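Since the structure comes first, as structure tokens, the remarks are kept for the end.
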Amino acid sequence: MRRASFIKKVREGYYGPFEFFQDFPDEMACENEIYQLKYPEGFVCKKCGCKTFYRLKGVPKRARKLQCRDCKHQESLTANTLFHGTRTPLQKWFYLIFSMVQTKKGISANQLSKELHIDETTVLLMMTKVRKEMEESIVEYQIGGENCIVECDEIDIGGKNKEKQKSLVLLERNSDNRNGRVRIVPIESKSYDDLEKVLIPVIKKGTILHTDGNPVYKKLHTKYNHHFQHKPVSSWEENHKHEHLDQLNKIVGNLKRWYRGMHHAFRIKNTGYYLNEFCYRFNRRRSEANLFTNILQRSVERPKILTYKTFSQSKPYSMLAA
Ligand SMILES: [Zn+2]
């Protein structure tokens with residue numbers, strides 16, 4: 001019953017901290033939520049098919065375990081979910097997800113570390129796991145299509161030092177001239193080969209592609225209905241040079257402000273995760289109230305497990321490698 005009322009409140013568009021703590025006052029409530037997402041038809045033992053189980057409680061090691069009544073097979077409630085193997089209380093996890101999606105401008109690891117009484121490194125790993133969950137895979141979310149414009153440009157994101165993350169920004173413009181979805185994908189270099197790795201799988205055939213005059217895009221003439229803007233030669237042209245990529249530049253401005261606002265120490269290897277979050281939020285800007293339930297659902301139904309080993313390696317994260 002709890003889940004039904006929780007979703008109703010989210011749908012009605014008012015889901016603040018007060019509602020959150022009403023719905024998830026303790027660990028049990030969070031465990032129930034995961035149980036309902038993981039076993040929507042009820043628990044069925046994988047070994048013997050029995051539908052009755054006990055919850056093992058009391059001993060910390062046994063917490064969150066379900067045991068089949070007949071064959072005593074044990075299953076962890078959080079196994080193969082975002083919360084796999086975590087020692088952090090689920091309520092803190094839920095609150096972290098809630099805070100990340102609830103605040104419009106995002107929340108910093110430092111702030112959450114204070115609120116949750118967890119050290120900042122652990123919070124950062126937890127947040128990165130959630131950002132990985134926000135990933136929209138290239139194949140799943142193609143953009144463009146017949147008579148649809150996609151604005152395309154390369155950008156650098158980074159701090160004041162020389163280290164910058166090159167990324168490709170693709171913005172869909174619907175036929176009514178409104179912004180559609182955005183994809184921002186880290187790339188290794190601005191060479192045609194690297195751009196193509198993102199462009200071709202992401203943009204549908206028949207799309208009208210808008211780019212700047214960078215010669216690297218010339219090869220796309222044969223693949224898309226390609227319009228490009230050459231380098232401005234007069235002051236008038238200089239002043240109007242962004243018309244072509246007008247909306248895209250606005251979004252890139254927002255991205256850079258958002259990124260600077262919540263991120264103090266720039267680490268190139270983590271930029272891709274932040275881009276996931278930015279695109280995820282932007283693409284769901286008309287259904288903000290659903291973000292919290294959506295992340296919980298993704299976390300349990302199709303988690304993208306990020307191990308500490310992957311997180312701590314020096315290689316930059318890229319969804320292309322995933
Ligand atoms: Zn069994």
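Note that the structure is predicted; figures quoted are calculated from it, not measured. Whatever order the structure lists ligands and atoms in, that order sets their numbers, starting from 1. In what follows, every heavy atom counts, from backbone to side chain, and hydrogens, waters and symmetry copies are set aside.
Stacking of Arg55 on the aromatic ring of Tyr35 is recorded, both the 6.0 Å distance cut-off and the 45° axial limit being met.
Just one of Phe94, Trp93, Phe18, Tyr95 meets the ring-ring contact (aromatic ring centres under 6.0 Å, His included) condition when paired with Phe24; it is Phe94.
Legend: ring-ring contact (aromatic ring centres under 6.0 Å, His included) pairs involving residues 190-211, not counting sequence neighbours, sorted by first then second residue: His210-His227, His210-His244. Residue pairs that meet the side chain to side chain donor-acceptor pair (under 3.5 Å) test with at least one member in residues 38-52, sequence neighbours left out, are Tyr39-Glu75.
Tally of protein N, O or S atoms closer to the Zn ion (ligand 1) than 2.8 Å: 4.
Membership of an apolar cluster is not assigned to Val44, as no side-chain contact below 4.5 Å to another ILVMFWY residue is traced.
The aromatic rings of Phe98 and Phe292 sit perpendicular to each other, their planes meeting at more than 60°, with 30° as the lower class boundary.
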